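Per chain, numbering begins at 1; letters A, B, ... match sequence-line order. All figures in this text were calculated on a predicted structure; none of them were measured in a lab. FYI, side chains are in, hydrogens and waters are out, and symmetry mates aren't considered; it's all heavy atoms of this structure.
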Amino acid sequence: MPRVTFPHMGESYRSFKMLLNDLGNDVVLPPRPSKRTLDHGVRYSPEFACFPLKILMGTYVETCRLGAEIIVTSGGVGPCRAGHYGQMHKKILQDIGFPVDVVVFEPPRFHPIDFLRNIQKLNPDRLSYRAIWDCIKRAWQKLSALDEAEKLTHVVRPRETVPGATTRAYRKALEWIDRSYTSKEISEAHAAALEAIKSVEQDPERKILKVGIVGEIYVLLEPASNLEIEETLGNLGVEVERSMFLTGWTKDNTGQETHEIITVKDAAMPYIPLCIGGHGRESVGHTVIYAKRGFDGVIQMAPFTCIPEIVARTILTSVSREYGIPVLTFFLDEQTGKAGMSTRLEAFVDLMKRKKWQEPGTGQAAVNI
Amino acid sequence: MTARVGIPSSLLYYMHFPMWKTFFNELNVEVVISGNSNKNLLDEGVKEALADACVPVKLYFGHALSLKDKVDYLFIPRVVCLNRRTIYCPKFLGLPDMIRYGLSGMPPVIDMKMDVREGRLSLLKAYTGIGEIFGATRWKTFTAYYKAAKKAAFYQSLLQKGLLPPEAMKIVLNTADSGKKSPAGIEHDLTFAVLGYPYEVHDDYISVGVVNKLKKLGVKVITMENLPAGPLSRQNSDLDKIMFWTFSDWVLRGTHYLFKTGSVDGIIHLTAFGCGPDSMVDKLMELASKKYKNIPFMSLTIDEHSGDAGVSTRLEAFTDMVRRKKEVFK
C-alpha cells in the first residue's frame with residue numbers, strides 16, 4: 001500500500017484522510033504545523049518564498065520522515081507562485097534525499113485527462129470510477145459539514161457567556177464528524193454538531209462588531225499559520241465572516257464558477273479588471289462587498305512577499321477611503337508573534353468600536369480616527 | 001499643443017521603449033521619460049509604495065511620481081502575455097491599478113491590455129485603442145504601429161548581436177554621441193553571464209553598477225537579452241510544468257542553456273529583495289548548478305540599502321576565484 005500524505009489545512013485533513021483511505025492508501029497524517037515544522041520549512045525553503053511554501057515544506061519533511069512516499073497537493077495555473085509549489089517541493093525534497101513523488105491536481109476544467117490520471121495514481125484498490133465518485137461525494141459531504149461547523153463558531157463565539165465554551169463544543173463536534181463514515185452518519189453528525197455549537201449559552205443583548213476577513217487562501221484556512229485570528233477576534237467580541245472556505249474554493253475551481261465568485265469579480269472590476277493570480281482580485285472584491293453590507297471593518301491576511309496580495313493591499317487603501325471601511329493588513333511570516341498580533345487586533349477593535357458607537361450624528365462620513 | 005505622454009524608465013522600459021517611443025512620435029505625441037534612476041527617485045518611491053513590495057516596484061513608483069506634473073498621460077500598459085505561452089508577474093498585471101489607486105493626484109493612466117492570447121490582432125487592437133485616445137486616424141495608427149514594430153525588431157537584432165539594452169537603445173533612437181567611443185581598451189579574459197530581469201541588470205543605480213564593475217574587473221558581460229532566441233526557446237529547463245512568468249522563464253532557460261553549452265566562465269544571478277518569482281527561480285537555479293559543477297554560480301541580492309562596497313567585494317572575490325580556478329585547470 002502506498003503511503004500517502006497531503007498538506008495540513010485547518011480541519012480539512014479529516015475529510016481527505018477518509019477519502020484516501022477509501023481508495024486504498026495508507027495515509028500518513030500531516031501534523032498540525034508547529035514551531036518545529038517552521039524550523040524545517042525555513043531551513044530548506046528559499047529565503048523569500050512565501051509563508052505557505054515554508055509551512056508546507058516543513059510539513060512534508062515531517063511526514064517524509066514518517067515514511068510518506070506520495071504527496072498529494074493542488075496546483076494552479078499562475079501567475080501566483082502556488083502553481084509551482086508542487087515541483088518546487090519535489091525538487092527540494094529529492095535534493096534533501098527523500099525519494100517522494102508529488103501528485104499535483106490541476107483544475108479539472110482545464111486539464112481533465114491529467115486529473116483522471118492522477119486519480120488512478122491514488123487508487124491502488126482499483127475502484128471503479130463510480131465507486132470513486134461515491135467516495136468523493138462522501139468526502140465532500142464531510143468537508144461541507146466541517147466548514148459549516150466552523151462558520152457557525154464564528155457567529156457564536158463573540159456571544160458566548162462562558163469564555164471558551166464555543167471552542168470546547170467545536171472540538172467535540174469535530175470528533176463526531178471525524179468518526180462518522182457513511183453518508184447517513186455524516187449528515188447526522190453534521191446536524192448534531194451544528195446543534196451542539198448553537199446550544200452554547202449566548203448573550204443575545206451583547207453589542208457585536210462584524211468584521212470580514214479576506215486574503216490568501218492558505219493563511220486564511222490554516223489556524224496555525226494565522227495564529228488563530230478568528231478565535232482571538234471572537235474572544236474580543238467580534239463576529240467574523242471569512243471570505244473563503246475550502247468547499248467554496250473547490251467549487252469555483254472545478255466546475256462552473258458559482259454565483260458568489262462572479263459577484264465578487266464584478267465588485268472588484270473597477271479596481272482590478274483581470275485575474276492577477278492568487279486571491280488578489282477576490283480580496284478587493286470581498287472588501288467592496290463587505291463595505292456595502294455594512295461591516296465594521298475588514299482584515300486582510302497575506303503571507304510575506306505574496307505578490308497578488310501586495311497589489312491588492314495597494315489598491316485597498318483607495319477602497320478603504322472610498323467606502324469608509326477600516327482595513328487592517330497582516331503580512332504573516334515565521335517571525336510573526338501572537339502577542340504582537342493580539343495587540344494590533346485589540347487596537348483595531350477599539351477603533352472600530354469608537355467609530356461605531358461614539359460617532360456623533362448618523363449618516364456622517366467616517367471621521368479620521 | 002501636442003499631448004505629452006510620460007513613460008517611467010523602469011520595468012518594461014528596457015524591453016519596449018524603442019517601440020513605444022516610435023509609436024507615440026509617429027502619432028505626433030511627445031514622449032517624456034523619467035530618466036535614469038537615482039537616490040531621489042528611489043526615496044520617493046519607498047515613501048509611497050507598500051513596504052512589502054519589491055525594490056523595482058518601489059522604484060517604479062518613484063519614476064511615476066517624478067512624471068506627475070510634467071505630462072498629460074502616463075503610459076503604463078497592462079502587459080499580460082506577448083508570446084502566447086507565458087505571462088508576466090502579477091505585479092506587472094496590477095501595475096496600472098497600483099499607480100492609479102496607490103498614488104494620489106496622478107495624471108490619467110493609459111492602461112491598454114496587451115494579451116496576444118486573445119487573438120492574432122489583439123496587439124494591433126491595443127495600439128489602435130491608444131491611437132483613439134489621441135484622435136489619430138486608423139490608418140495613421142496602423143502605420144505608426146508598423147514602424148514601431150520594425151524598430152522593435154531592429155532593437156532585438158542589436159541585442160542578439162551582443163549589445164546591452166542601454167547601448168542598443170542609444171543606437172536605435174539615434175541618441176548615441178558618435179564622438180565618444182566606448183572604453184574598449186580593457187582586456188577580457190573571462191566571460192560572465194549576469195542573469196536577471198532587465199530592469200534590475202540594466203538599471204545602473206539599482207544594480208549598484210554590477211555590469212560596469214565586472215567590466216572594470218576585466219570580465220566580458222553577457223545578459224539574457226544576448227542569448228540566441230532560437231535555441232533558448234527550445235531549451236528544456238527540467239521542469240514538470242512551464243514557468244508562468246516570461247522573464248523568469250527566460251532566465252531559467254538561459255541558465256540551463258549556459259550550463260549545458262558551457263560557454264561562459266561564471267553565472268551571476270541578480271535578484272531583488274522580495275521578488276516573488278525570483279524566490280522560486282533562484283532556488284531552481286541553485287539546484288541546477290549542483291548538477292553542473294563546471295560553471296561557478298553566485299546569486300546576488302540587491303535592495304534599497306545595497307552598499308557599493310559590499311557588492312564590489314563580492315564581485316571581486318567571485319572573479320578572483322573563477323580566475324584562479326581557470327589558471328589551475330589550464
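Interface residue B/Val80: only side-chain heavy atoms are found under 4.5 Å from chain A. If you measure heavy-atom distances from A/Phe331 to chain B, the contacts under 4.5 Å come from the side chain alone. Heavy-atom distances place the side chain of A/Leu274, and not its backbone, under 4.5 Å from chain B. Both the backbone and the side chain of B/Leu239 come within contact range of chain A, each with at least one heavy atom under 4.5 Å from a heavy atom of that chain.
Interface check for chain A: of the options B/Leu50, B/Thr301, B/Thr271, the most heavy-atom pairs under 4.5 Å are formed by B/Leu50. The greatest number of non-hydrogen atom pairs below 4.5 Å with chain B, out of A/Ala312, A/Pro273, A/Gly75, A/Ser45, is found for A/Pro273. When each of A/Thr305, A/Val319, A/Ile315, A/Val102 is scored by its heavy-atom pairs under 4.5 Å with chain B, the top score falls to A/Ile315. Your options are B/Lys113, B/Glu286, B/Met243, and the one with the most heavy-atom pairs under 4.5 Å with chain A is B/Met243. In terms of heavy-atom pairs under 4.5 Å with chain B, the best-connected choice from A/Arg321, A/His84, A/Glu309 is A/His84.
Residues B/Tyr101 and A/Glu322 have side chains that never bring a donor and an acceptor to within less than 3.5 angstrom of each other. Side chains of B/Asp282 and B/His269: a donor on one and an acceptor on the other come within 3.5 Å. A donor-acceptor contact closer than 3.5 angstrom is absent between the side chains of B/Ser34 and B/Tyr13. Checked by atom type, the side-chain pair B/Ser37/B/Asp203 shows a donor-acceptor distance below 3.5 Å. Between the side chains of B/Ser237 and B/Arg253, no donor N or O sits under 3.5 Å from an acceptor N or O. Between the side chains of A/Thr263 and A/Asp266, no donor-acceptor pair is found at a separation under 3.5 Å. In this structure, a donor-acceptor pair under 3.5 Å is present between the side chains of B/Thr86 and B/Asn83. At a cut-off of 3.5 Å, with distance as the only test, a side-chain donor of B/Asp278 or B/Tyr197 sits close to an acceptor on the other residue.
Judged by distance alone, the side chain of A/Gln87 and the main-chain N or O of B/Lys241 form a donor-acceptor pair under 3.5 Å.
With sequence neighbours excluded, the residues that form a side chain to side chain donor-acceptor pair (under 3.5 Å) with B/Asp111 are B/Arg78, B/Arg100. Every side chain to side chain contact (heavy atoms under 4.5 Å, CB included) that B/Arg84 has, sequence neighbours left out, goes to B/Val116, B/Arg120.
In this structure, A/Ser243 OG and A/Ile213 CD1 are separated by 8.5 Å, a value rounded to the nearest 0.5 Å.
The distance between the ring centers of A/His89 and A/Tyr85 falls below 6.0 angstrom. For B/Trp245 and B/Tyr88, the gap between ring centers reaches or exceeds 6.0 Å.
Within residues 90-99 of chain B, the residues having any heavy atom closer than 4.5 Å to a heavy atom of chain A are B/Pro90, B/Lys91, B/Leu93, B/Gly94, B/Asp97, B/Met98, listed by residue number. The contact list for residues 50-63 of chain A toward chain B, using heavy atoms and a distance under 4.5 Å, reads A/Leu53 by residue number.
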